[in-house]
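One structure below.
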Amino acid sequence: MLHIKCPHCGLRSQNEFSYGGDATIKRPELNKEISDKDWDNFVYLRKSPRGKHLELWQHISGCRQWIKVERDTLTHEILKTLKANEEI
Amino acid sequence: MPQNFRLDKGGLINRNKKISFKFNGKIYFGYEGDTLASALIANGIHLVGRSFKYHRPRGFFGAGVDDPYAMVQLIRDSESIPNVRATEQELFEGLEAKSVNCWPNVNFDIGAINNFLNKFFPAGFYYKTFMWPRSFWYKVYEPIIRKAAGFGVVSTNHDQERYEHKYEYCDLLVTGSGPSGLASAYAAAKNGAKVILAEDKPRFGGSLLTSEVSIGNQSGQEWTENIITELKSMLNVTIKNRSQVFGYYDHNMLVMSERISDHLAKTNKYIPKQRLWYIRAKEVLISSGSIERPLIFGNNDTPGVMLSSAAKEYLKLYGVLVGKKPIVFTNNDSGYETAIEFKKNGIHPIVLDSRKNPNSEIINEAKNQNIDVKFSYVVVAAKGYKKVKSADIAKISEDKKKLGKIENIICDCICVSGFWTPTIHLASQSGNKTKFNENIDAFVPGQSKQNETVLGSAKGIFTLEETLRTSFEKGNELSKKITNKENIIPIPSVVEKKHSIHDKFWCVPLPDSKNYKRFLDFQNDVTVSDVELALREGYRSIEHVKRYTTLGMATDQGKTSNLNGLQLVSDVENKLVPQVGHTTFRPPYTSVSIGSIVGREIGKNSKPTRRSPMHSWHEKNNAVFVDAGIWLRPRYYKQGNEDLFEASKREAKNVRQNVGVCDVTTLGKIDIKGPDSAEFLNRVYTNAWLKLPIGKARYGVMLREDGIVMDDGTTTRISENHYHMTTTTAQAANVLSHLEYYLQLVWPELNVNVVSTTEQWAGAAIAGPKSRQVLQKLFPGLDVSKEGLPFMGYLEGNLFGVNAKIYRISFSGELAYEVNVESDNGNYMWEKIMEIGKEFNIQPYGTEALSTLRIEMGHVAGSELDGRTIPYDNSLEGLVSKKKDFIGKRSLSKISYVASDRQKVVGVVPLDKKTSIPEGSYIVKDPKVNLPIPKLGHISASCWSVEYDNPFSLAIIKDGKNMIGKKLFALSPLKNKIIPVEIVSSHYVDPKGERVRS
Ligand SMILES: [Zn+2]
């Protein structure tokens, strides 16, 4: 079970969090033209990297904040955690 | 019955407390402090079970967790527990155990015929034979194998025992209380670190309990006792015996199984049988010791052949002789310790040492004690079927390939020692890159992956002096880092015997013209020739050899067999062991009961149960409840002998004709506040929200980004910047996370706050043509007329002294209101509604009637908004704004979503107006065509229309728009029904929606 350092609450066990996918995906702006391909990429396409991965987690059983977690998918090492508004 | 193999004195058992127990129906005696194994051996019992494949007799091979044989069915209280290791099960008064894997009994086992038919049972036998013909599997092979194979019998009764989980954090977790564990735990504790010391066995001390050493002028046992006493007195130390750390997971999370009541005759109802500990440790000290390796020779599985360390343990801990005419067969000095221990107790062992001319202190001591020691000698084969009766022994050539003349000597046990294998399982589970150490012919831990440090013999250190010194140092060093305190402890002086080098020899060659079985894996019956066969058949990877032969795959996980298996592959393949590689160790290290994994999350505790504030009223009024997510909701209120069908029909009819009241507390409620709330809702919902007036509610649909409907519900504008959102019961938590996601990550510039208020409000839906009259009497001072409170209106009122919020919204399609009060007033509100409504024939209605009402109105719900449909499929296009953007909008222009024959929700009526259509039925054009029948869609929800008094269903079918009026078939292979149906509009009742607006 991972040990995730919530930037708001501190180190907590994984079972307090829920996973939210790739944190590098940016939602296209509202009311802007976007091609079918770009939209499909945004909705469906995700990389499955071996190694460093910046991902979203929500501290659902804690502060309910969405946070960013830089995790190594191979070793499960957590390299960094950030608040939602922080950039790596 | 006398305990013929019990010494008059010695051991750590309590001879003042005699204990009776039953084994295979016979009564025996042992002492407090015995294991079932030691007590059986004391009584001369060595036949405890049968092996897995050949059903050969099985006795005891070890004295603890490493024992591959002695699994029994334990009967304790009213429960029957399979595969209990007799070497671990402590004796208690009245214990009852039976042999497993033998039919009809342990002395005469029909399966043993496999032993003589062994030509048919080579490696991979099951793969090869039972593959063909396929039809034979279920009828012939499977039932026979079922009867003959497998170990214990799982009880079909509910497990009455209590199991618990515990979460713990510590600075240092020490796994094992041998010399390295004690020293490191002591050093860390003295530095003020929070330490957990876990010992698998009942007694602390590990090898110190059985070895002849002295530490600071104390015996190993005395030193252990003193350290343990001191550790127990320290507040920063938790000491647990009978506790096996069996798994090392990510981020230094370890799991430990504590056996709290397994050793007791009866459990206290409130004391758990076992407790599972989830321990997050800053540092992990692995002091799990080492396990002796077997030597391989003919019939080395015969009861009476056992590890020499086990024989010594039975002597020293339990005062039990495993035999009175022992042979000790060894390739190193450890065997001599066992021989000397025998000699001390008046037994005359013969030592066969495979080495040519070893010389050491302990060998000299054995010789001085007149022990018969034969060098360059090996056991070729054990003789005897149910117990060793004699041994064929021979001299062996220096290259270990040729045997001399076979001699037969009488013996009743053969104690083997093939040197030591460090227990590296936990380190390996952590991700430690283990490496092969040629000096000890075994794998040892290498580079740490997590914060694990391996100590003592688990690391391949086999002298007490070095073990203690390095363990004190490590305990000090690691704890100092955490506590910033140092309290150096002088390392005690150690007296121990120096050992000479061991012999790499491990497997005795077969004598000419003999084909003895030589077992590598004692539980799964894997022999040397099985592995050789696998290699001949082309299996190369050790992982494949393992799976093909099942070597090391039994419940003991190859604790005694893995290394010898590797040695064999390396010999045959002419490769070095590290080139063969070894299989990965995975948790659990020992078997863990399912009960302890489940813990208390069983039955009604498997999930939380949520009840509305009106729950007790429902109970008192004969509600039959149904699970709605984790909520309990009244399904119907039973009157007299009514069944579900009759009751729900009555309730629904009463709503259509008079008035009903339904508990809607379970609906998700989210409070939304902030100046940008309207803008936010406008982006979340598909329809327009910027112009909703204060005091008005609006129905909304929200999508996922892929265009699929996520949820629907009404949101009411309470004041300028304050909205009250409702969600479906099922999606409440997801919708909240969804809103938080967009507010925190996507549009952080919006000034909006959301919070769940589901538990803060109790809700009652009052529905039916007479609902306004009820409402008027509930709120006499309010204008609730058509004009005063129009459809989708909102008012605040005072309900006999409590504040209430009134929403004119409807799920039933009737004139209806939802009244919310603070949860604490829920029951009060409900009782008032029932009291006031009496004159209007009000009746409570449950979820079944609620479904009926919404289905015949064609209101879509969870069964249509099933995570696969878009708004158009549900005829919700009127709610999809063309003007503004919203979450998921871009997806709605996907080609497949706008296809003209897109699926759509429609109504379905059986032609005979009688046959109810099972939910999930397929809709097909022609049920008689060849399989597979092309499927148009499926029935999503069914009810009995109270308006028309006939069955009515909703279906989602392809090209639904053009199917209305068509005659098709509903097909339910599950219920074996083919029902001719007509497709109609989904709005079966009041298609213009006049009632809700009345
Ligand atoms: Zn948090």
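Chain naming here is simple, since letters A, B, ... match the order of the sequence lines and numbering starts at 1 in each. All values below come from the heavy atoms of this structure, side chains included, with hydrogens, waters and symmetry mates left out.
- Using a 4.5 Å cut-off between heavy atoms, A:Gln65 contacts chain B through both its backbone and its side chain.
- Heavy atoms of B:Ser893 lying under 4.5 Å from chain A are absent altogether.
- Of all the listed residues (B:Val746, B:Leu736, B:Asn252), the one sharing the greatest number of non-hydrogen pairs under 4.5 Å with chain A is B:Leu736.
- A donor-acceptor distance shorter than 3.5 angstrom exists from the side chain of B:Asn432 to the backbone of B:Gly446, with no hydrogens or angles considered.
- When all heavy atoms of A:Ile34 and A:Pro28 are compared, the pair lying nearest together is CD1-CG, 3.6 Å.
- Taking the six-membered ring for Trp and thresholds of 30 and 60 degrees, B:Tyr685 and B:Trp689 have nearly parallel ring planes, at less than 30 degrees apart.
- Interface check for chain B: of the options A:Lys26, A:Gln58, A:Arg64, the most heavy-atom pairs under 4.5 Å are formed by A:Arg64.
- In this structure, chain B has heavy atoms under 4.5 Å from both the backbone and the side chain of A:Leu2.
- Pairing each heavy atom of B:Val752 with each of B:Ser677, the nearest pair is CG2-N, 3.6 Å.
- The main-chain N or O of A:Asn15 is never found under 3.5 Å from a side-chain atom of A:Ser13 such that the two would form a donor-acceptor pair.
- Heavy-atom pairs under 4.5 Å with chain A peak, among B:Asp706, B:Val255, B:Ile887, B:Ile895, at B:Asp706.
- Using a 4.5 Å cut-off between heavy atoms, B:Lys894 touches chain A through its side chain atoms alone.
- Proximity to chain A (any heavy atom under 4.5 Å) is restricted, for B:Phe886, to the backbone atoms N, CA, C and O.
- No other option in B:Gln450, B:Met253, B:Lys884, B:Glu740 has as many heavy-atom pairs under 4.5 Å with chain A as B:Glu740.
- Contact of B:Arg704 with chain A is not made at all, since no heavy-atom distance falls under 4.5 Å.
- In this structure, chain B has no heavy atom under 4.5 Å from any part of A:Ser18.
- With rounding to the nearest 0.5 angstrom, the CD atom of B:Gln744 is 10.5 Å from the CG atom of B:Leu739.
- Interface residue A:Ile78: backbone and side-chain heavy atoms are both found under 4.5 Å from chain B.
- Atom CG in B:Leu285 sits 12.0 Å away from atom CD1 in B:Ile196 (nearest 0.5 Å).
- Proximity to chain A is absent for every atom of B:Leu743, based on heavy atoms less than 4.5 angstrom apart.
- Of the residues B:Lys194, B:Lys282, B:Lys481, B:Arg280, the one that meets the salt bridge (Lys or Arg N to Asp or Glu O under 4.0 Å) test with B:Asp171 is B:Lys282.
- For the set B:Tyr741, B:Tyr167, B:Tyr278, B:Tyr249, the count of heavy-atom pairs under 4.5 angstrom toward chain A peaks at B:Tyr741.
- For chain B, the nearby part of A:Trp39 is the side chain; its heavy atoms alone come within less than 4.5 Å.
- Ring planes of A:Trp57 and A:Phe17: perpendicular class, angle over 60° (limits at 30 and 60°).
- In this structure a side-chain-to-backbone donor-acceptor pair under 3.5 Å is missing from A:His8 to A:His59.
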